[in-house]
A.B. asks: 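I'd like to ask some things about the structure below.
In what follows, chains carry the letters A, B, and so on, assigned in the order in which the sequence lines appear, proteins first and then strands, with residues in each chain numbered from 1. Just so you know, these numbers use all the heavy atoms, side chains as well, and skip hydrogens, waters and symmetry mates.
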Protein chains: 2
Amino acid sequence: MSAVQPLVFDRVETQPAYQLVASMIEKRIMEGTFKPGQQLPSELDLAKQLGVNRSTVREAIRVLEQNGLVFRKSARRLVISVPRQSELASRMSRAMVLHEITFQELWETMLTLETRAAELAALRATEEDVALLDANLAATRECLEHEERLVKLDIEFHLTVARAARNRALLLAREPIGLLFYPAFYKVMSRLNAKDRLLAAHTEIVTGIRGRDPKHTALWMEKHIKDFRRGYELANLDINQPVDASPYGG
Amino acid sequence: MSAVQPLVFDRVETQPAYQLVASMIEKRIMEGTFKPGQQLPSELDLAKQLGVNRSTVREAIRVLEQNGLVFRKSARRLVISVPRQSELASRMSRAMVLHEITFQELWETMLTLETRAAELAALRATEEDVALLDANLAATRECLEHEERLVKLDIEFHLTVARAARNRALLLAREPIGLLFYPAFYKVMSRLNAKDRLLAAHTEIVTGIRGRDPKHTALWMEKHIKDFRRGYELANLDINQPVDASPYGG
DNA sequence: ATGATCCGATAGTCGGACAATAATTGCGGA
DNA sequence: TCCGCAATTATTGTCCGACTATCGGATCAT
């Protein structure tokens with residue numbers, strides 16, 4: 001039996017249609033044919049154009065959605081979008097948790113990135129950046145006794161410094177680590193009194209940035225982050241334990 | 001009409017079922033109920049258990065798949081998995097391209113991360129790491145005239161150093177930047193002769209690592225990366241231009 | 001003009017169906 | 001008994017058709 005079909009050399013391309021559809025649309029986006037802000041054709045349109053079933057298109061759209069290439073505006077309108085850094089960051093964070101990355105690893109990386117960010121911020125911060133930092137400092141002074149707000153302000157402070165560095169790659173690399181860092185930070189703040197040291201360090205950092213002194217700024221950021229590590233240990237937390245998944249608990 | 005249903009305050013929670021299904025499964029994975037390596041129940045099973053249609057389950061699976069929480073082994077077996085760093089990295093790279101991140105930004109970040117990685121590698125490299133680096137050096141010496149292989153070996157070299165740093169957060173942060181960096185690197189290598197300088201720097205780095213000299217190692221890595229930037233400019237490439245999407249072109 | 005109402009388009013979901021093929025089972029032969 | 005191949009089963013990929021809820025826009029009444 002086995003009908004000897006003389007047609008040789010066929011399929012090597014075994015890829016589900018929904019993946020093909022997803023990559024075709026992705027290609028259009030990367031090429032710029034579909035531009036951010038523009039809205040995606042309807043599922044039925046896409047299905048007809050691509051010659052597949054609507055279900056297939058829907059699966060493809062799920063893929064794009066998760067990739068952040070399309071974005072749902074009002075649940076009924078899917079628009080093309082540039083991947084949102086925050087989504088990527090949280091995914092990255094989750095990966096780190098699942099890989100059971102330790103606080104030590106996280107801390108080392110954070111030290112590296114934050115120090116550089118501070119240095120660059122000193123070189124590039126605009127007056128607006130400095131104003132934001134001043135405002136943050138002022139608010140921090142007000143909230144020294146309000147733990148939760150303090151943590152929030154600290155997060156904001158570091159983000160502001162990082163933004164002032166005018167380096168989006170750095171910002172992007174920093175974010176997932178920050179997401180995991182802050183729960184730890186909260187623990188430290190609640191267990192020991194490091195508030196004055198925090199304020200002092202922040203103040204010096206702003207001074208450095210205002211004075212366009214990268215050395216000073218970097219140095220104080222380094223001190224600040226190292227201080228935090230010491231705090232972590234003093235709070236009887238083990239730096240060699242994996243960071244926990246708190247961002248996902250609630 | 002408008003039946004006056006006395007039941008007040010209902011749905012604010014409008015989330016498609018496929019998203020709910022996806023998060024339920026995700027939850028099981030993050031909790032550890034579903035463990036990496038274990039295989040996902042069949043679509044039909046899931047549909048029955050969750051009381052939804054198979055199509056809905058399928059869409060949810062696409063979501064998980066893109067999140068890297070399940071992984072397809074042989075196209076017929078979906079197994080739970082820890083998100084693969086490489087997938088995340090390429091997604092991150094794509095985001096950077098779409099955000100039109102410049103070479104300058106990329107370079108600064110790479111300088112930061114690679115320098116720290118080198119420093120840590122000097123502290124932590126095992127004999128095995130050093131052996132790998134030696135092998136790479138030897139291969140590099142052999143391939144000095146073979147551009148493509150040289151680039152490949154350089155990529156390998158830096159990856160090996162980064163791995164020797166024993167910091168997965170750093171590794172994770174480094175990867176997406178590396179992905180975008182290498183095309184640029186290739187351009188530089190093909191336009192000017194920096195091969196000897198490359199070999200010299202690599203050699204010094206390995207020497208530093210072998211000698212457990214973080215200062216030396218970091219210094220040479222810094223030189224090496226700065227050298228590259230100079231090369232980039234010498235090759236008449238504009239550091240303020242966005243990096244291109246070469247990984248996606250072919 | 002303003003608000004209420006109607007209507008079409010579209011997303012979300014469902015049930016069922018079928019082909020292709022990977023995975024497993026069972027059989028026969030060594 | 002064990003191995004290799006064939007038959008069977010399970011599962012994925014894809015399709016069709018259908019229904020509902022609702023969003024957006026147009027129409028209508030005030």
Side-chain angles (χ1 to χ4, degrees), chain A residues 1-5 7 9-26 34 37-81, chain B residues 1-5 7 9-26 34 37-81:
Chain A
M1 33 234 67
S2 72
V4 186
Q5 302 262 16
L7 42 125
F9 281 13
D10 247 311
R11 53 124 61 73
V12 183
E13 45 84 26
T14 310
Q15 205 180 12
Y18 66 83
Q19 280 185 15
L20 285 176
V21 171
S23 9
M24 302 202 79
I25 301 177
E26 177 185 330
F34 284 169
Q38 189 178 338
Q39 88 174 21
L40 207 64
S42 79
E43 294 175 352
L44 212 56
D45 278 357
L46 286 171
K48 270 189 282 196
Q49 278 190 42
L50 294 163
V52 295
N53 192 271
R54 191 162 76 95
S55 308
T56 305
V57 169
R58 281 180 63 79
E59 292 190 31
I61 290 180
R62 293 310 144 245
V63 172
L64 296 175
E65 212 173 22
Q66 291 307 307
N67 281 352
L69 290 173
V70 304
F71 152 81
R72 40 185 352 95
K73 167 184 173 175
S74 84
R76 194 60 57 120
R77 287 275 180 266
L78 273 181
V79 301
I80 312 297
S81 73
Chain B
M1 23 235 71
S2 75
V4 187
Q5 302 260 18
L7 43 125
F9 283 10
D10 248 311
R11 54 121 63 73
V12 182
E13 45 84 26
T14 309
Q15 205 180 12
Y18 67 84
Q19 279 185 17
L20 284 176
V21 171
S23 4
M24 302 203 79
I25 300 176
E26 177 185 330
F34 284 169
Q38 188 178 338
Q39 87 176 22
L40 207 65
S42 77
E43 295 174 354
L44 211 57
D45 278 356
L46 287 172
K48 269 188 284 197
Q49 277 191 41
L50 295 162
V52 295
N53 192 271
R54 191 162 76 95
S55 309
T56 305
V57 169
R58 281 180 64 78
E59 292 190 31
I61 290 180
R62 295 308 146 246
V63 171
L64 296 174
E65 216 172 21
Q66 291 308 308
N67 280 353
L69 290 173
V70 304
F71 150 81
R72 41 186 351 96
K73 167 183 172 177
S74 84
R76 195 60 60 117
R77 284 277 179 266
L78 272 180
V79 301
I80 312 297
S81 74

A.B. asks: Can you check each nucleotide of nucleotides 8-17 of chain D against protein heavy atoms at under 4.0 Å and return B for base, S for sugar-phosphate only, - for none, in 5' to 3' order?
C.D. replies: ---BBBBSB-
A.B. asks: Between dA23(C) atom C1' and K73(B) atom NZ, what is the distance in whole Å?
C.D. replies: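 After rounding, the gap between these two atoms is 12 Å.
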A.B. asks: To the nearest 0.5 angstrom, please state how far the CZ atom of R62(B) sits from the CD1 atom of I61(A).
C.D. replies: 14.0 Å
A.B. asks: Write down the distance between NZ (K48(B)) and C1' (dG16(C)), rounded to a whole number of angstrom.
C.D. replies: 14 Å
A.B. asks: side-chain contact (heavy atoms from CB on, under 4.5 Å), that's the test. Do V21(A) and L46(A) meet it? Break it down for me.
C.D. replies: CA-CA 9 Å; V21(A) 171; L46(A) 286 171; over 6 Å; no
A.B. asks: To the nearest 0.5 angstrom, please state how far the CZ atom of F34(B) sits from the CD atom of Q39(B).
C.D. replies: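 CD of Q39(B) is found 11.0 Å from CZ of F34(B).
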A.B. asks: I need the L40(B) CG to I25(B) CD1 distance, nearest 0.5 Å.
C.D. replies: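 Here the rounded value is 5.5 Å.
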A.B. asks: Salt bridge (charged side-chain N to carboxylate O under 4.0 Å, His left out) with E43(A): which of R76(A), R54(A), K48(A)?
C.D. replies: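 With E43(A) as partner, salt bridge (charged side-chain N to carboxylate O under 4.0 Å, His left out) holds for just one option, R54(A).
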